[in-house]
2 protein chains.
Amino acid sequence: MKNKQKQIQLRDVQDVIDIIGGRWRGAILASLCDKEKRFNELKRDLGSITPRTLTKELKYLEMNKLIIREVDASSVVTIVYRLTKHGKSLEPLIGQIVIWGQKHRKVVLG
Amino acid sequence: MKNKQKQIQLRDVQDVIDIIGGRWRGAILASLCDKEKRFNELKRDLGSITPRTLTKELKYLEMNKLIIREVDASSVVTIVYRLTKHGKSLEPLIGQIVIWGQKHRKVVLG
DNA sequence: AATACCACTATCTTTTAGGATACTACTTAA
DNA sequence: TTAAGTAGTATCCTAAAAGATAGTGGTATT
């Protein structure tokens, strides 16, 4: 493989890590893989995230077209966040991450 | 799926993100998937990493049993970093990351 | 003998992520 | 009508990540 191509691959890895990286983004996406969720629902799921951080991360993920914020017209209070089609395409990757994570825990602990 | 199980999955995602996350770790591992490399070789590959950061990241990855530092007994100057068996098990995941990264670039740019 | 490369280490500074906490505007249920 | 929940904002602060830069002790090269 050419060197140029390798550089591009490294950049791809860095891009993806940027998207699913940080303390919360991967977990938010994983949580939304399960089903669409509301703000406080996500907050509870994630445990210790602050509302400030959750807001920021949701906006970031929306900007990157991975999730959408939907306001139910019938009521202003009903807002759900759900994965876009593009966001859903992350699901197998997240699945593999979970599997590897479980194996890794065994290797490092055992 | 039970709620407990979901929490564990979120933790797995966070664990893995911790390992391959940050600006450099994923790229270092991806670079070593290609073949084992020397310190300055990695430095050149990664482009703008500083030696301080590279040292720190390599130590972290070594601690997590993903790479090993090998000193060639015949010469003190020949030190290579290579993936452990456990580190190699990350290769398919990194492969998928690269593929998704390429798709993502198209979605966001196009 | 001088220069350049190897694999780092040390120090100092900046940047960024994210926590803590309090507050707002609105709605629904008791 | 009061209390509790929803979906956030605003402000301040801290810790960690990582860059900039210089230096070290060795080796190999010419």
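The model shown is predicted, which means the values in this text are computed figures rather than measured ones.
- Remark: C1' of D:dA17 and CG of B:Leu61 are 15 Å apart, rounded to the nearest angstrom.
- Atom C1' of nucleotide D:dA20 and atom NZ of B:Lys43 are separated by 12 Å, given to the nearest angstrom.
- Regarding contacts with the backbone of D:dA7, every side-chain N or O of A:Lys59 stays at 4.0 angstrom or more from both OP1 and OP2.
- The separation between B:Ile49 atom CD1 and D:dA20 atom C1' is 14 Å, rounded to whole Å.
- Regarding B:Leu42, its CG atom lies at a distance of 10 Å from the P atom of C:dC8, rounded to whole Å.
- Across the protein-nucleic acid pair, B:Tyr60 atom OH and D:dA17 atom P stand 9 Å apart, rounded to whole Å.
- Between D:dG8 and A:Arg69, a contact under 4.0 Å exists linking OP1 or OP2 to a side-chain N or O.
- A donor-acceptor contact under 3.5 Å links the side chain of A:Arg52 to the base of C:dG18.
- More than 12 heavy atoms of other residues, nucleotides or ligands shown are found within 6.0 angstrom of NZ on B:Lys35.
- Counting only heavy atoms from C-beta on, B:Glu57 has its side chain closest to D:dA18 among D:dA18, D:dG8, C:dG18.
- For the pair B:Thr53 and D:dG19, the criterion of a side-chain N or O lying under 4.0 Å from OP1 or OP2 is met.
- For D:dA7, one of the phosphate oxygens OP1 or OP2 lies less than 4.0 angstrom from a side-chain nitrogen or oxygen of A:Arg38.
- The side chain of A:Arg23 places no N or O atom within less than 4.0 Å of a non-bridging phosphate oxygen (OP1 or OP2) of D:dA17.
- By the 30° and 60° cut-offs, the orientation of the rings of A:Trp100 relative to B:His86 is parallel.
- Here C:dC6 is the nucleotide among C:dT9, C:dC6, D:dG8 with the atom lying nearest to any side-chain atom of B:Arg44.
- Atom P of nucleotide C:dA10 and atom NZ of B:Lys56 are separated by 13 Å, given to the nearest angstrom.
- A:Ile94 pairs with exactly one of A:Ile99, A:Leu29, A:Leu32 by the side-chain contact (heavy atoms from CB on, under 4.5 Å) rule, that one being A:Leu29.
- One N or O on the side chain of A:Arg25 and one on the backbone of A:Asp18 form a donor-acceptor pair closer than 3.5 Å.
- Between C:dA7 and B:Lys37, no contact under 4.0 Å exists linking OP1 or OP2 to a side-chain N or O.
- Under 4.0 angstrom from either OP1 or OP2 of D:dT6 there lies no side-chain N or O belonging to A:Tyr81.
- Each of A:Pro51 and A:Trp24 was assigned the nucleotide of DNA chain C with the nearest heavy atom; the assignment lying further toward the 5' end belongs to A:Trp24.
- Between A:Thr78 and A:Arg38 the shortest side-chain heavy-atom distance falls below 4.5 Å.
- Regarding A:Glu41, its CD atom lies at a distance of 15 Å from the P atom of D:dG5, rounded to whole Å.
- When the C1' atom of C:dT9 is taken as reference, atom CD1 of B:Ile79 falls 14 Å away, rounded to whole Å.
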